[in-house]
Trainee: 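Below is one structure. I have some questions about it.
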Amino acid sequence: MEEIRIECPEIFDFEQCLEYFKRNENEILFSVVDEEIYKAVKINNLNILIHVSYVPHYLKVEILNQDLITPLIVEKLISYIEEWFDFSTDLSSFYNDVKDNKILAPLIEELYGLRIIRIPEFFEAITWGIIGQQINLSFAYKLKRRLVEKYGESIPYKGRQYYIHPSPEKISNVTIEELMELKFSRRKAEYLIDIANKIQSQIITKKMLLNLTDKEEIEKALTDLRGIGPWTAHYVMMRSLGIKNAYPVGDVGLQNALKLILELEQKPSKEFMIELNKDWKKWSSYATFYIWRAPYLRNIK
DNA sequence: AACCAGGTACCTA
DNA sequence: TAGGTACATGGT
């Protein structure tokens with residue numbers, strides 16, 4: 001069994017990340033058992049089951065289902081994990097830049113060391129964004145579970161299956177009716193299949209977007225896809241592309257969290273949220289991610 | 001039993 | 001350009 005160690009950045013709290021990982025028991029794409037993460041990933045067309053734990057100051061990564069791993073695979077796996085935990089962001093700059101912000105300062109205290117948990121797989125991020133549109137999260141998790149169980153590959157290990165998100169190629173060959181049987185709306189089924197086709201045929205790729213210079217261009221390229229509006233575009237920029245200043249204005253989760261933190265009578269308006277953003281503009285993605293956590297914390301009003 | 005969910009496209013005026 | 005509506009289903 002292979003074991004890899006990945007050095008963690010100075011500001012990093014594995015426990016905080018675990019709390020995020022544990023947010024929904026219907027999650028299908030990884031599991032947390034005894035403070036350790038199990039996840040199946042596809043690296044260079046090889047299905048790998050990894051087991052991630054923390055020993056100061058390293059992520060300890062064990063490969064559970066493969067004996068022979070080439071150096072190239074190891075290298076790619078390490079990049080994947082560093083991206084997954086967003087190791088490249090300088091959190092001390094974020095903390096320093098927003099330390100006087102009334103909303104973020106207490107959250108930084110509570111969540112110190114939490115990094116954005118990214119979705120390196122581009123199609124997975126888009127799928128999750130589209131599924132999440134306009135429905136409650138628990139239903140969204142159920143839809144994702146059905147989709148992944150039906151169309152994703154899986155690795156068996158000790159009596160259970162560990163799933164990998166279906167590829168664009170796989171979903172591009174699915175029919176609208178099949179997805180509707182899983183209780184996707186007709187619209188969402190159309191969006192997913194369309195976008196799967198476009199990624200599959202390289203009309204749009206993650207690499208392409210990362211090569212664009214400014215955020216507006218990326219947003220435009222994303223919202224040009226039917227089914228991706230401003231919210232989903234920003235969601236994907238934040239979760240998959242690693243863009244620091246994405247901001248899903250009007251996100252209901254963000255609105256409700258702000259309402260809670262600021263003890264508002266009503267959900268904050270879009271205008272108000274844009275106003276708030278001025279104070280953390282460079283770091284909107286992290287601000288959003290941290291504010292999303294607020295309802296799960298005890299000490300935030 | 002309404003009403004709202006980590007929105008979006010599409011229609012009308 | 002602005003404003004209203006359908007969408008599928010589940011939660012509170």
Side-chain angles (χ1 to χ4, degrees), chain A residues 19-29 103 107 111 114 116-119 124-147 149-150 165 174-198 204 219-241 243 246-261 264-274 276-277 284-297 300:
Chain A
E19 285 307 307
Y20 180 78
F21 278 111
K22 289 192 279 194
R23 75 198 185 287
N24 193 290
E25 70 277 4
N26 246 318
E27 175 63 60
I28 177 81
L29 292 174
I103 295 171
L107 288 171
L111 298 168
L114 172 67
I116 289 180
I117 302 303
R118 290 214 230 157
I119 304 173
E124 178 187 330
I126 290 184
T127 301
W128 184 225
I130 288 174
I131 287 176
Q133 292 168 3
Q134 209 274 334
I135 58 174
N136 62 67
L137 266 182
S138 55
F139 181 37
Y141 276 105
K142 284 181 187 165
L143 287 179
K144 180 168 87 166
R145 173 176 283 271
R146 289 178 197 146
L147 183 80
E149 284 180 340
K150 181 146 184 198
H165 192 275
V174 163
T175 64
I176 294 169
E177 286 67 31
E178 283 178 89
L179 291 186
M180 288 180 72
E181 281 171 26
L182 306 185
K183 306 305 178 190
F184 280 69
S185 65
R186 177 173 292 277
R187 278 276 169 78
K188 285 188 183 177
E190 290 169 4
Y191 300 161
L192 282 192
I193 295 165
D194 269 13
I195 291 173
N197 265 302
K198 292 202 165 106
I204 186 163
E219 183 174 354
K220 171 74 165 62
L222 284 167
T223 52
D224 277 350
L225 301 171
R226 182 167 173 270
I228 298 188
W231 178 85
T232 312
H234 281 258
Y235 187 84
V236 170
M237 290 192 286
M238 166 187 173
R239 293 297 303 281
S240 192
L241 303 180
I243 290 183
Y247 191 50
V249 195
D251 173 273
V252 180
L254 197 53
Q255 287 183 317
N256 286 330
L258 287 169
K259 177 168 176 262
L260 181 73
I261 295 167
L264 305 173
E265 298 288 328
Q266 299 175 358
K267 285 187 296 191
S269 67
K270 190 176 167 184
E271 292 70 29
F272 180 64
M273 290 171 68
I274 290 170
L276 291 177
N277 190 39
S284 307
S285 301
Y286 262 91
T288 300
F289 200 72
Y290 272 44
I291 292 167
W292 271 339
R293 297 298 301 149
Y296 299 92
L297 302 174
I300 301 293

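Keep in mind that the numbers below use all heavy atoms, side chains included, and drop hydrogens, waters and symmetry copies. Lettering follows sequence order; numbering is per chain, from 1.
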Trainee: Taking atom C1' of dG10(C) as reference, at what distance in whole Å does atom CG of N24(A) sit?
Mentor: 13 Å
Trainee: Determine the stems involving DNA chain B; a stem requires 3 or more consecutive pairs of the Watson-Crick or G-U wobble kind, each with both distances below 3.5 Å, and the answer is none if no such run exists.
Mentor: B:3-5 with C:9-11, B:7-13 with C:1-7
Trainee: Measure the distance from CG on L192(A) to P on dT8(B) and round it to the nearest whole Å.
Mentor: 14 Å
Trainee: How close or far is atom P of dG10(C) from atom CG of N26(A), stated in whole angstroms?
Mentor: 12 Å
Trainee: How would you list, by chain and number, every residue that makes a salt bridge (charged side-chain N to carboxylate O under 4.0 Å, His left out) with R186(A), sequence neighbours excluded?
Mentor: E177(A)
Trainee: OP1 or OP2 of dG7(B) sitting under 4.0 Å from any side-chain N/O of K270(A)?
Mentor: no
Trainee: Tell me the interatomic distance from I291(A), atom CD1, to dG6(B), atom C1', rounded to whole angstroms.
Mentor: 14 Å
Trainee: Under the side-chain contact (heavy atoms from CB on, under 4.5 Å) rule, collect the residues that match up with N256(A), sequence neighbours excluded.
Mentor: V252(A), K267(A)
Trainee: Over how many whole Å does the gap from D194(A) atom CG to dA9(B) atom P extend?
Mentor: 11 Å
Trainee: With sequence neighbours excluded, what pairs up with R226(A) under the salt bridge (charged side-chain N to carboxylate O under 4.0 Å, His left out) test?
Mentor: E190(A)
Trainee: Between dG11(C) and N136(A), counting only base atoms on the nucleotide and side-chain atoms on the residue, is there a donor-acceptor pair under 3.5 Å?
Mentor: no
Trainee: Going by the rule salt bridge (charged side-chain N to carboxylate O under 4.0 Å, His left out), which residues pair with D194(A) if we only count those two or more places apart in sequence or in a different chain?
Mentor: none
Trainee: For K220(A), give me all partners under side-chain contact (heavy atoms from CB on, under 4.5 Å), at least two apart in sequence or on another chain.
Mentor: D224(A)
Trainee: At their closest point, which heavy atom of I193(A) faces which heavy atom of I176(A), and how far apart are they?
Mentor: CD1-N, 3.5 Å
Trainee: Distance check, C1' atoms only: dC4(B) and dC7(C), in whole angstrom units.
Mentor: 14 Å
Trainee: Quick one: side-chain contact (heavy atoms from CB on, under 4.5 Å) partners of S284(A), sequence neighbours excluded?
Mentor: N245(A), Y247(A), N277(A), W280(A)
Trainee: Quick one: list whatever passes side-chain hydrogen bond (donor to acceptor under 3.5 Å, both in side chains) with E219(A), sequence neighbours left out.
Mentor: H234(A)
Trainee: Could you check how far CD of Q255(A) sits from P of dA5(B), rounded to whole Å?
Mentor: 8 Å
Trainee: Tell me: NZ of K142(A) to P of dA5(B), nearest whole Å?
Mentor: 18 Å
Trainee: Rounded to whole angstrom units, what separation is found between the CD atom of E190(A) and the C1' atom of dC10(B)?
Mentor: 12 Å
Trainee: Under 4.0 Å, heavy atom to any atom of DNA chain B: which of residues 227-234 of chain A qualify?
Mentor: G227(A), I228(A), G229(A), P230(A), W231(A), T232(A)
Trainee: I'd like to compare against my own output: the B/S/- annotation of nucleotides 2-8 of chain C with a strict under-4.0 Å heavy-atom distance to protein.
Mentor: -----BB
Trainee: Roughly how many Å apart are dA1(B) and dA8(C), using the P atom of each and rounding to a whole number?
Mentor: 23 Å
Trainee: Return each pair, listed once, that meets salt bridge (Lys or Arg N to Asp or Glu O under 4.0 Å) where at least one residue sits in residues 131-146 of chain A; pairs must be two or more places apart or across chains.
Mentor: E27(A)-K144(A), R145(A)-E149(A)
Trainee: On a whole-Å scale, what distance lies between the C1' atoms belonging to dG6(B) and dA2(C)?
Mentor: 25 Å
Trainee: Taking the nucleotide of DNA chain B with the nearest heavy atom to each, does Y191(A) or G253(A) sit closer to the 5' end?
Mentor: G253(A)
Trainee: Answer with yes or no whether the side chains of E178(A) and T175(A) bring together a donor and an acceptor at under 3.5 Å.
Mentor: yes
Trainee: Is it the case that the ring center of Y20(A) lies less than 6.0 angstrom away from the ring center of Y296(A)?
Mentor: no
Trainee: Looking at residues at least two apart in the chain, or sitting in another chain, which of them share a side-chain contact (heavy atoms from CB on, under 4.5 Å) with S138(A)?
Mentor: N136(A)
